[in-house]
Amino acid sequence: MAGEPVNVNEFQELARQVLLKMYYDYYTGGAEDQQTLKENVEAFRRITIRPRILVDVSRIDMSTAILGYKTSAPIMIAPTAMHKLAHPEGEVATARAAAASDVIMGLSYMSTCTVEEVASSCDAVRFFQIYVYKRRDITALMVQRAERNGFKAIILTADTPRLGRREADIKNKMVAPQLKNFEGLISTEYVNDNGSNIEALAAGTFDASLCWKDIAWLKSITKLPILIKGVLTSEDAIKAVEVGVAGIIVSNHGARQLDYAPATISVLEEVVHAVQDKVPVFFDGGVRRGTDIFKALALGAKAVLIGRAVVNGLAAKGEHGVKQVVEMLKNELELTMALSGCCTINDITTSHVKTDKEIYCRM
């Protein structure tokens, strides 16, 4: 690809050129037939924008607050695993880019930099994502380390009792490195001679017994607000509110868990209507353009999380690449708002989009 990228999609080819095939496939792949992976992007294309004209849009303000923390735009960096596979500086570079762009970063439980390294690298607002391990004392320790190091919220990924079947990782015999956060606590160097070491790691450590009653346990070990990630139905959204989470992230894990699960944008309205403004709803999955962000906000999301695009930017250009990705999306969102007649995030409503699906609301 000649010249500088002009949109975030073009970073994927740059990432492909520099990454080992094993790592590129790991970051870009989805589960099984990858139907949900395709749909996460395609479903956005079936939503059209209804712009309003003759509105004074000489000043556009994209700023918002997420759990009370002011941010320059309704964009968060999604927690994604093992950034050092993409770039030597790993999550530290990603955190610095988040700080420079004034957006919130989610740090993965499976980070290749420690909680302490990321916390000391910059002053970005950071949330910490967790899985619950069979050894819950380890998860409790990690949550407490995050709280002690100034992280502002916990993101519980709840859609992974077992790892989805990612066939590229099986073919490539994807290697899971020892993760520095767990040194002296537990080995994360699991070996599977017949397939993915990542799958072996998940099978050996993740707690498949985790259920709704365990939210009370998680709340008992931290004062931080808890966001639950992986909600795709009104039924689970209602349960999440009932157990007292601080927010919901509509997500299908980047289409890496259950193939033929719905595209996240197609179920966003269902979750928003079920929640009835009792907690904020955030959105994750398939965001590649500022128009995608606008559509998600119009359908009720308070902010969106971006994952793959960030990793591609990191692989291609390190910290600068991540900042470019975030700024491109911010610039596209600002333009979309101006051309749609919206001066602030609060001006974006369902009247600004048209979908081809009915709104489901099972109460």
Side-chain angles (χ1 to χ4, degrees), residues 9 11-13 15-16 18-43 78-87 90-91 106 108-112 129-134 155-179 182 187-208 210 229-232 249-264 284-288 305-312 314-315:
N9 291 304
F11 276 96
Q12 182 169 334
E13 173 58 21
R16 187 192 66 78
V18 298
L19 288 174
L20 292 175
K21 182 179 185 298
M22 176 189 295
Y23 299 156
Y24 176 80
D25 289 350
Y26 169 71
Y27 286 130
T28 59
E32 296 186 352
D33 297 326
Q34 302 189 115
Q35 178 63 26
T36 299
L37 182 65
K38 300 181 188 80
E39 267 295 288
N40 264 3
V41 174
E42 289 297 321
T80 49
M82 298 183 288
H83 284 197
K84 280 193 176 182
L85 301 185
H87 188 274
E91 290 82 4
S108 171
Y109 198 67
M110 312 299 283
S111 167
T112 41
Q129 176 265 337
I130 65 165
Y131 296 102
V132 174
Y133 274 8
K134 294 173 184 176
I155 300 173
L156 171 64
T157 296
D159 59 4
T160 318
R162 294 172 61 178
L163 203 69
R165 182 176 174 83
R166 304 165 190 178
E167 294 177 358
D169 292 348
I170 295 171
K171 290 179 180 177
N172 291 331
K173 299 187 184 300
M174 175 64 189
V175 175
Q178 174 65 32
L179 301 175
F182 301 100
S187 174
T188 53
E189 292 181 319
Y190 278 73
V191 176
N192 182 348
D193 293 334
N194 298 316
S196 166
N197 290 8
I198 300 290
E199 185 177 349
L201 169 61
T205 56
F206 290 5
D207 187 353
L210 187 72
K229 181 172 178 281
V231 173
L232 291 172
I249 302 175
V250 178
S251 173
N252 56 27
H253 209 109
R256 296 160 70 82
Q257 280 298 100
L258 177 64
D259 202 15
Y260 297 94
T264 43
D284 170 65
V287 172
R288 301 292 186 272
L305 286 77
I306 52 173
R308 280 186 172 90
V310 164
V311 173
N312 288 336
L314 179 67

Item checked: Value rounded to 0.5 Å, distance of NE2 in His83 from CG in Leu314 -> 6.5 Å

Notebook entry, point to check: In Å and rounded to the nearest 0.5 Å, what is the CG to NE2 distance from Leu19 to His87?
Noted result: 11.0 Å

Closer than 3.5 angstrom, by distance alone: can the side chain of [X] be matched with the main-chain N or O of [Y] as a donor-acceptor pair?
| X | Y | value |
| --- | --- | --- |
| Thr160 | Arg162 | no |
| Gln257 | His253 | no |
| Gln129 | Tyr109 | yes |

Notebook entry, point to check: Nearest heavy-atom pair of Ala15 and Ala315: which atoms, and what distance?
Noted result: CB-CB, 3.9 Å

Notebook entry, point to check: Nearest heavy-atom pair of Lys173 and Met22: which atoms, and what distance?
Noted result: O-CE, 3.8 Å

Check: Going through the distances and angles, do Arg288 and Arg308 end up as a side chain to side chain contact (heavy atoms under 4.5 Å, CB included)?
Finding: CA-CA 9 Å; Arg288 301 292 186 272; Arg308 280 186 172 90; 3.9 Å; yes

Next item on the list: Establish, from distance only, whether the side-chain atoms of Asn252 and Asn40 form a donor-acceptor pair under 3.5 Å.
Entry: yes

Notebook entry, point to check: Got a sec, which residues hit salt bridge (Lys or Arg N to Asp or Glu O under 4.0 Å) with Glu32, two or more places apart in sequence or on another chain?
Noted result: none

Notebook entry, point to check: With under 30° as parallel and over 60° as perpendicular, where do the rings of Tyr131 and Phe206 fit, or are they tilted in between?
Noted result: parallel

Checklist line | Within 45° cone and under 6.0 Å: Arg256 NZ/CZ vs Tyr26 ring | finding: yes

Notebook entry, point to check: Between Arg165 and Asp259, does a side chain to side chain contact (heavy atoms under 4.5 Å, CB included) hold up when you go through it step by step?
Noted result: CA-CA 9 Å; Arg165 182 176 174 83; Asp259 202 15; over 6 Å; no

Next item on the list: Sequence neighbours left out, what passes side-chain hydrogen bond (donor to acceptor under 3.5 Å, both in side chains) with Tyr24? Give chain and number order.
Entry: Gln12

